[in-house]
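Sequence lines set the chain letters: A, B, ... in the order given, protein chains first and strands last, and positions in each chain run from 1. Excluded from the calculations below are hydrogen atoms, water molecules and symmetry mates; all remaining heavy atoms, backbone and side chain alike, are included. If you're wondering where the values come from, they're calculated on a predicted model, not measured in any experiment.
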Amino acid sequence: MFYICINFKYMNQNFSEQEQIRRQALEELIALNIDPYPSDTYEINANTEEIHKHFPQDNTLYQDISIAGRLMNKRIMGSASFAELQDSKGRIQLYFNRDEICPGEDKLMYNTVFKKLLDIGDIIGAKGFVFTTRMGETTIHVKEFTILCKSLRPLPIVKKKDGKTYDAFTDPEQRYRQRYVDLIVNPHTREIFKKRAAVIRNIRNFLEELGCLEVETPVLQPIYGGAAAKPFKTYHNKLDTTLYLRIANELYLKRLIVGGYDGVFEFGKDFRNEGMSRFHNPEFTQMEMYVAYKDYYWMMDIFEEMIEKVVIELNDSTIIKTGDNTIDFKRPWKRFTMYEVIKHFTGEDISEMNESELIKLAKKLGVETDRYMGKGKIIDEIFSDKCEPHLVQPTIIMDYPIEMSPLAKKHRSKTGLVERFEVICSGKEICNAFSELNDPVDQRKRFEEQLELGRRGDPEAMVIDEDFIKAIEFGMPPTTGLGLGIDRFAMIITDSKSIQDVIFFPQMRPDK
RNA sequence: GACUCGGUAGCUCAGCAGGUAGAGCACAUCCCUUUUAAGGAUGGGGUCCUGAGUUCGAUCCUCAGCCGAGUCACCA
């Protein structure tokens, strides 16, 4: 009669059979005086990547190794068995032989501990030597193993053969909600986040070499500003005041330029209480930088240089395949003014148009407008709708209408425009930059125009930041600033379809 | 927010004119001293997303809800 002894303790707790069995194995280990969660350091002197890199060529190496990782597979063949160990670098096969694990009469470590009590997902340490099996696979001949952590939940087992993947753990919801499982089981996911980290590291190095100071500014702000967006609102009890989670870093970073730094930058989370999509997560990472005594032309050059360098560093080439597009980041990129690019894609010269003519044009082009949209916003709509999606290669679009850029400096020669540029790539904006407005009188006027837009109903109109005006009344040197969406850029670099693929824990509805 | 698709075992999925479910992997028992997604045999495992309705009977049909994915709309 078939019979499994399941401990009563676990019967009524809604554990699945596999969870019950693992909990029982845990108890049996304890009963055998084996600590399933030992605290000592486990000394390691090899990793899977190194072994695979050097071993078959020089088989005198790795004859006395100690390695640790997660058990990902077990193939028991009687008194000789194979398993797979996964560490942070990759995987390697382990060979277990009963009489070597247990040289004496007592075969417990092999027959019971290895064969029965060790499960896929457990973390173990192994000591032994590396050899090549008859099948030609580099393998660790294990002479001794140690349980470092018992796993109580079964892991999805992804298998591969001839480049085909079986039983892949692919359900996006589960991958995002249980990112730890995704990371264990899908090596590609770990690579994406290493690349993301490398993007940030390379940008940071570049900016430090440029002489900029990395700074941190408040996330909790009494007045949000620096962008057109809806904020998250929160409350500080002791101060009895409403605070907002920042939507941009801009106004604080410019205060630091007022304070006398020549260049500052910040990698920061910004928060926008708006829709979510594969391009939008409520919290996202932005790098903003401000450099004194420079203008937006200088920034265009520096940004091109920085991105080209980062792409080469990560990719060994300036060419990146992303989605259906092949993008070449090689300098110099094409540069157009906004009016030029609109003329190019719509055939319309809008440079002399007033608001009502623009509304008429938008209608003609099938671009929706709202009552509260000002001239700048309508132009932006036309651009976003009719031009942006066509711009695949990195392209600098410059000289924006003044109405949609309340923090940018008036253009030195073109009336009605500001010295602002964006870089569009793969149909999406990846950065936004200007010659910063440092005329406090003009700045106050611009804020007031925003108030007017707010009165007309624009939910994203900016509010006046009196302290910021005060700061620039003390005098801010001519400055150029730039914001780079790190998530969006990481999507391009890692060929990810969704922003959720480049954020470890994307925002999800609470799990029910 | 609108539309489309989906939610069945730990994982990947099948199923059904409406008669309370299947496969592979994983798991368990036994056999097996170099196997390669995958040795052999046997076996256990499911509130078929939730709730209501239709029905003798619903995993399946209807309605509502929850969650997710994709497309579109807005912000980066």
**Item:** Watson-Crick or G-U counterpart of B/G43, or none if no pair lies under 3.5 Å
**Value:** B/C27
**Message:** Without decimals, in angstroms, what is the distance between A/F279 CZ and B/C72 C1'?
**Reply:** 12 Å
**Asked** With a non-hydrogen cut-off below 4.0 angstrom, is A/D171 in contact with a base, only sugar-phosphate, or nothing?
**Response** sugar-phosphate
**Item:** Listed nucleotide nearest any side-chain atom of A/T133, set B/G70, B/U36, B/C11
**Value:** B/U36
**Message:** Between B/A14 and B/G39, how many Å separate the two C1' atoms, rounded to a whole number?
**Reply:** 27 Å
**Request:** Rounded to whole angstrom, note down the C1' distance from B/U55 over to B/U12.
**Result:** 34 Å
**Prompt:** Mind checking the C1' distance from B/G18 to B/G57? Whole angstroms is fine.
**Reply:** 8 Å
**Request:** Look at the side chain of A/N97 and decide which nucleotide, out of B/G10, B/A73, B/U33, has an atom nearest to it.
**Result:** B/U33
**Request:** Between A/E137 and A/R278, just flag the one whose closest nucleotide in RNA chain B comes earlier from the 5' side.
**Result:** A/E137
**Item:** Counterpart base for B/U50, defined by Watson-Crick or G-U wobble contacts under 3.5 Å
**Value:** B/A64
Taking only N/O atoms, report every protein-nucleotides 24-26 of chain B pair under 3.5 Å with atom names and distance.
| residue | atom | partner | partner atom | Å |
| --- | --- | --- | --- | --- |
| B/G24 | N2 | A/D167 | OD1 | 2.8 |
| B/G24 | N2 | A/D167 | OD2 | 3.4 |
| B/C25 | O3' | A/K159 | NZ | 2.7 |
| B/C25 | O2' | A/K159 | NZ | 3.2 |
| B/A26 | OP1 | A/K159 | NZ | 3.1 |
| B/A26 | N3 | A/Q18 | NE2 | 3.1 |

**Asked** Which nucleotide sits closest to the side chain of A/M135: B/C30, B/U36, B/C11?
**Response** B/U36
**Item:** Test side chain to side chain donor-acceptor pair (under 3.5 Å) applied to A/Y110 - qualifying residues, sequence neighbours left out
**Value:** A/S81
**Message:** Say we look at B/A23 and B/G43: how far apart would their C1' atoms be, to the nearest angstrom?
**Reply:** 16 Å
**Message:** Regarding A/F131, tell me which of base, sugar-phosphate or nothing describes its non-hydrogen contacts under 4.0 Å with the strands shown.
**Reply:** base
**Prompt:** Quick one: do A/K150 and A/D119 make a salt bridge, cutoff under 4.0 Å?
**Reply:** yes
**Request:** Using the test ring pair (Phe, Tyr, Trp, His ring centres under 6.0 Å), find all partners of A/F193 that sit at least two apart in sequence or belong to another chain.
**Result:** A/F504
**Prompt:** Contact class for A/I76 (heavy atom, under 4.0 Å): base, sugar-phosphate, or nothing?
**Reply:** base
**Message:** Starting the side chain at C-beta, find the nucleotide from B/C27, B/C74, B/U33 nearest to A/E381.
**Reply:** B/C74
Filtered N/O pairs between nucleotides 6-8 of chain B and protein, under 3.5 Å:
none

**Message:** Within this structure, what is the CG-CE distance for the pair A/L484 and A/M306, rounded to the nearest 0.5 Å?
**Reply:** 5.5 Å
**Message:** Nearest 0.5 Å, please: how far is OH in A/Y296 from CE in A/M300?
**Reply:** 5.0 Å
**Side chain of A/P156 (C-beta onward), nearest among B/C67, B/C11, B/U33** = B/C11
**Request:** Check the distance between B/C11's P and A/I184's CD1 and give it to me in whole angstrom.
**Result:** 14 Å
**Request:** Kindly say whether, by distance alone, the side chain of A/S81 makes a donor-acceptor pair under 3.5 Å with the base of B/U35?
**Result:** no
**Request:** Provide the distance between the two C1' atoms, one in B/G44 and one in B/C25, to the nearest whole Å.
**Result:** 16 Å
**Fill in**
Residue set satisfying side chain to side chain donor-acceptor pair (under 3.5 Å) with A/E137, at least two apart, ordered chain then number -> none
**Fill in**
Rounded to whole Å, the CD-C1' distance (A/Q507 to B/C67) equals 15 Å
**Message:** Under the rule for salt bridge (charged side-chain N to carboxylate O under 4.0 Å, His left out), what residues qualify as partners of A/K160, not counting sequence neighbours?
**Reply:** none
**Fill in**
Partner of B/U34 under the Watson-Crick or G-U wobble criteria, both distances under 3.5 Å, comes out as none
**Request:** Kindly write out the residues that satisfy ring pair (Phe, Tyr, Trp, His ring centres under 6.0 Å) with A/F345, not counting sequence neighbours, or none if the list is empty.
**Result:** A/H390
**Prompt:** For the pair made of CZ in A/F82 and C1' in B/C32, what is the distance, rounded to whole Å?
**Reply:** 13 Å
**Item:** B/G19 to B/U29 separation - C1' atoms, rounded to the nearest Å
**Value:** 35 Å
**Request:** Please measure how far the C1' atom in B/C11 lies from the corresponding atom in B/G46, and state the result in whole Å.
**Result:** 14 Å
**Request:** Return the value, rounded to whole Å, for the distance between atom NZ of A/K115 and atom C1' of B/C32.
**Result:** 9 Å
**Prompt:** Separation of A/N281 atom CG from B/A69 atom P, in whole Å?
**Reply:** 11 Å
**Request:** Provide, to the nearest angstrom, the distance between the NZ atom belonging to A/K160 and the C1' atom belonging to B/A38.
**Result:** 16 Å
**hbond_proxy A/R134 side chain to B/U34 base (donor-acceptor, 3.5 Å cutoff)** = no
**Request:** Quote, to the nearest angstrom, the P distance that separates B/C16 from B/C61.
**Result:** 11 Å
**Message:** Is it the case that the ring center of A/F145 lies less than 6.0 angstrom away from the ring center of A/F96?
**Reply:** yes
**Message:** Taking the nucleotide of RNA chain B with the nearest heavy atom to each, does A/E422 or A/Q93 sit closer to the 5' end?
**Reply:** A/Q93
**Message:** Does the structure place the NZ or CZ of A/K74 under 6.0 Å from the centre of the six-membered ring of A/F82, at an angle of no more than 45° from the ring's axis?
**Reply:** no
**Message:** Assess, by modelled atom type and distance only, whether the side chains of A/Q507 and A/N281 contain a donor and an acceptor separated by less than 3.5 Å.
**Reply:** no
**Request:** Could you pull out all residues at least two apart from A/R91 that satisfy side chain to side chain donor-acceptor pair (under 3.5 Å)?
**Result:** A/E84, A/Q86
**Request:** Answer with base, sugar-phosphate or nothing: what part of the nucleic acid does A/G78 contact at a heavy-atom distance below 4.0 Å?
**Result:** base
**Complete:** Applying the 3.5 Å cut-off to both distances, the Watson-Crick or G-U partner of B/G70 turns out to be B/C3
**Message:** Does a side-chain N or O of A/Q500 approach OP1 or OP2 of B/A69 to a distance below 4.0 Å, or not?
**Reply:** yes
**Request:** Grab the CG-P distance between A/D122 and B/C27 for me, whole Å please.
**Result:** 11 Å
**Message:** Show me the pairs that pass salt bridge (charged side-chain N to carboxylate O under 4.0 Å, His left out) and involve residues 387-403 of chain A, at least two apart or across chains.
**Reply:** A/D399-A/K414
**Message:** Check the phosphate of B/U33 against A/R98, side-chain N and O only, distance under 4.0 Å to OP1 or OP2. Yes or no?
**Reply:** no
**Message:** My understanding is that a pair needs two contacts under 3.5 Å, Watson-Crick or G-U wobble. By that rule, which nucleotide pairs with B/U55?
**Reply:** none
